[in-house]
Amino acid sequence: MKPTVSKIIDPTLIVIAGPTGSGKTDLGVALARRFGAPVLSTDSRQVYRGMKIGSAQPSDEQLAAVPHYFIADREVTERFTCADFESEALALLDRLFAEHKYVVAVGGSGLYIDALCNGLDELPDADMELRGELTERLSREGLGTLAGQLRELDPAYWETVDRQNPARVVRALEVCLQTGKPFSSFRTGGKTERPFRIIKIGVTMDRAELYARIDRRVDAMMDAGLEAEARALYLFRALPSLQTVGYREMFAYFDGEYGLERAVELIKRNSRRYAKRQLTWFGRDVEIRWFHPSDVDAAAAHIVAQG
RNA sequence: GGUGCCAUAGCUCAGUUGGUAGAGCAACGGACUGAAAAUCCGUGUGUCCCUAGUUCGAUUCUUGGUGGCACCA
């Protein structure tokens, strides 16, 4: 993506990251208003329409107060990957920075944030037909056979990959078979320079407080009608977009696997586990400066202090 | 008030013929490049209620407490 010359000096992307339920949305909107910035969502599930409650999209008031991008503008039936996100978000930023010094990126999808800030390697897009075949082979022949083939085609990657993770093995094999070249030959691990500055802000708090907030938010989702929202999406339950905490448990409840009370419990537990995975991901990013969600002033001061 | 049963991990419990203990769930730590709210890997975190005995050694046996449950009054 070629940056266009913009009139704005020192365009700056304010990245707000953090675990689910930590209050990123509220903080992001608060900062966006202070800095006159639009909001770009870095959330892999809030992009979809029809998932307002379960993915905790911003409220109507928030959407009205500040322009938002990548919120509810895809159908759940559309394929939207981290690579799609990277290229579309960069194109969008190019336009936004023509008029704004600041853009606030808010969301909890670590891979999306990395794609936006550092860039993904140039890899071929997934060939869904080939993936289907490999998934079929996975269930027929087992992971070991696929890992063995990966060892043949890409010994270097085989050395380092988590060979017990079907998603990793299948994806690597997929690229090898598709391109005739080892998967690792595409992986540079390098960062792509972006034509804007990046300030990273993390939102977090005590684990106990976070978990209490998550539990409360799940109850609020139920009150807001998560069950009906999930029912409306039941037909699409097999799609990647619906492999999402909150919906999966509801679908299982609809299928009679357990009762509603159990479903709610599982949504809370799985949200906590998701939050933990996010904390692990963001924890290794030393560029992130962490704040409590109530500390809007401190976060704003940090941004100002960066120039 | 009396009798009986129970007390072990965050929870529900198992167990140790006396050598400081283990399951399930919960929890905790980590990985992560076009599926990423996905996918995968790893980890028992414990005054075995308190007290005084017996014993080389007590979470286990005995005494006395404390708390809980049940039944009888």
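Residue numbering restarts at 1 for every chain, and letters A, B, ... go by the order of the sequence lines. Since the model is a prediction, treat every value here as computed from it, not as a measurement.
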Phosphate oxygens OP1/OP2 of G30(B): is one of them under 4.0 Å from a side-chain N or O of Arg277(A)? no
Nearest 0.5 Å, please: how far is OG1 in Thr244(A) from CD1 in Ile267(A)? 11.5 Å
When you compare C50(B) with U33(B), how far apart are their P atoms, in angstrom units rounded to a whole number? 49 Å
In whole Å, I'd like the distance from the CG atom of Leu279(A) to the C1' atom of G30(B). 13 Å
How many Å lie between NZ on Lys191(A) and C1' on U33(B), as a whole number? 15 Å
Linked, directly or transitively: Phe196(A) and Ile303(A) (ILVMFWY side chains, under 4.5 Å): no
If the C1' atom of A23(B) is compared with that of U16(B), how far apart are they to the nearest Å? 15 Å
Write down the distance separating the C1' atoms in U12(B) and A52(B), rounded off to the nearest Å. 32 Å
Classify the angle between the aromatic ring planes of Phe80(A) and Phe70(A) as parallel (below 30°), tilted (30 to 60°) or perpendicular (above 60°). tilted
Without decimals, in angstroms, what is the distance between Glu78(A) CD and G34(B) C1'? 16 Å
So what does Asp43(A) hit on the nucleic acid, given a heavy-atom distance under 4.0 Å: a base, only sugar-phosphate, or nothing? base
Over all strands shown, is Ser271(A) touching base, sugar-phosphate only, or nothing at heavy-atom distances under 4.0 angstrom? nothing
Just need the stems in RNA chain B: three or more back-to-back Watson-Crick or G-U pairs, each with both distances under 3.5 angstrom, sorted by first number. B:1-7 with B:66-72, B:10-13 with B:22-25, B:27-31 with B:39-43
Select base, sugar-phosphate, or nothing to describe what Gly189(A) touches, counting heavy atoms under 4.0 Å on all strands. base
Provide the closest heavy-atom pair for Ala37(A) versus Val104(A) in the form atom of the first, atom of the second, distance. CB-CG2, 3.9 Å
Quick one: is Lys276(A) getting a side-chain N or O under 4.0 Å of the C28(B) phosphate, OP1 or OP2? no
Determine the interatomic distance between P on A73(B) and the same-named atom on A9(B); round to the nearest Å. 36 Å
Nearest atoms (heavy-atom pairs only) where Ala56(A) meets Met221(A): CB-CE, 3.9 Å
Would you kindly give the CD-to-P distance between Glu174(A) and U33(B), to the nearest whole Å? 13 Å
Ser109(A) side chain N/O closer than 4.0 Å to the phosphate oxygens (OP1, OP2) of A36(B)? no
So does Arg33(A) have more than 12 non-hydrogen atoms from other groups sitting under 6.0 Å from CZ? no
Measuring from Thr179(A):OG1 to Asp127(A):CG, what's the distance to the nearest 0.5 Å? 11.5 Å
Minimum heavy-atom distance between Leu173(A) and Gln149(A), given as atom pair plus value: CD1-OE1, 3.8 Å
Establish, with yes or no, whether the OP1 or OP2 oxygen of A35(B) is under 4.0 angstrom from a side-chain nitrogen or oxygen of Arg79(A). yes
So what does Tyr112(A) hit on the nucleic acid, given a heavy-atom distance under 4.0 Å: a base, only sugar-phosphate, or nothing? sugar-phosphate
In whole angstrom, give me the gap between the P atoms of C11(B) and C48(B). 15 Å
Please determine whether a side-chain nitrogen or oxygen atom of Arg273(A) lies at a distance below 4.0 Å from atom OP1 or OP2 of A38(B). no
When all nucleic acid strands are considered with a 4.0 Å heavy-atom cut-off, which category describes Thr244(A): base, sugar-phosphate, or nothing? base
Around atom CZ of Arg197(A), are there more than 12 heavy atoms of other residues, nucleotides or ligands at under 6.0 Å? yes
Residues from residues 144-171 of chain A lying under 4.0 Å of RNA chain B - heavy atoms: Asp162(A), Gln164(A), Asn165(A), Pro166(A), Ala167(A), Arg168(A), Arg171(A)
Considering only atom C1', compute the distance from G24(B) to C61(B) and round it to an integer number of Å. 31 Å
Between U20(B) and C5(B), how far is it from one P atom to the other, in whole Å? 29 Å
Under 4.0 Å, counting only non-hydrogen atoms across every strand here, what does Gly119(A) touch: a base, just sugar-phosphate, or nothing? nothing
Output the residues of residues 201-227 of chain A in contact with RNA chain B, where contact means a heavy atom of the residue under 4.0 Å from an atom of the strand; sort by number or write none. Arg207(A), Tyr211(A)
On a heavy-atom basis, the closest approach of Asp162(A) and Val169(A) is O-CG2, 4.1 Å
For atom C1', what is the distance between G10(B) and U54(B), given to the nearest Å? 35 Å
Closest-nucleotide mapping onto RNA chain B: is Gln278(A) or Glu86(A) further toward the 5' terminus? I mean the 5' end. Glu86(A)
What is the distance, rounded to the nearest whole Å, between atom CG of Asp84(A) and atom P of A36(B)? 10 Å
Rounding to a whole Å, what distance do you find between Leu130(A):CG and A35(B):C1'? 14 Å
For C28(B), does OP1 or OP2 lie under 4.0 Å from any side-chain N or O of Arg272(A)? no
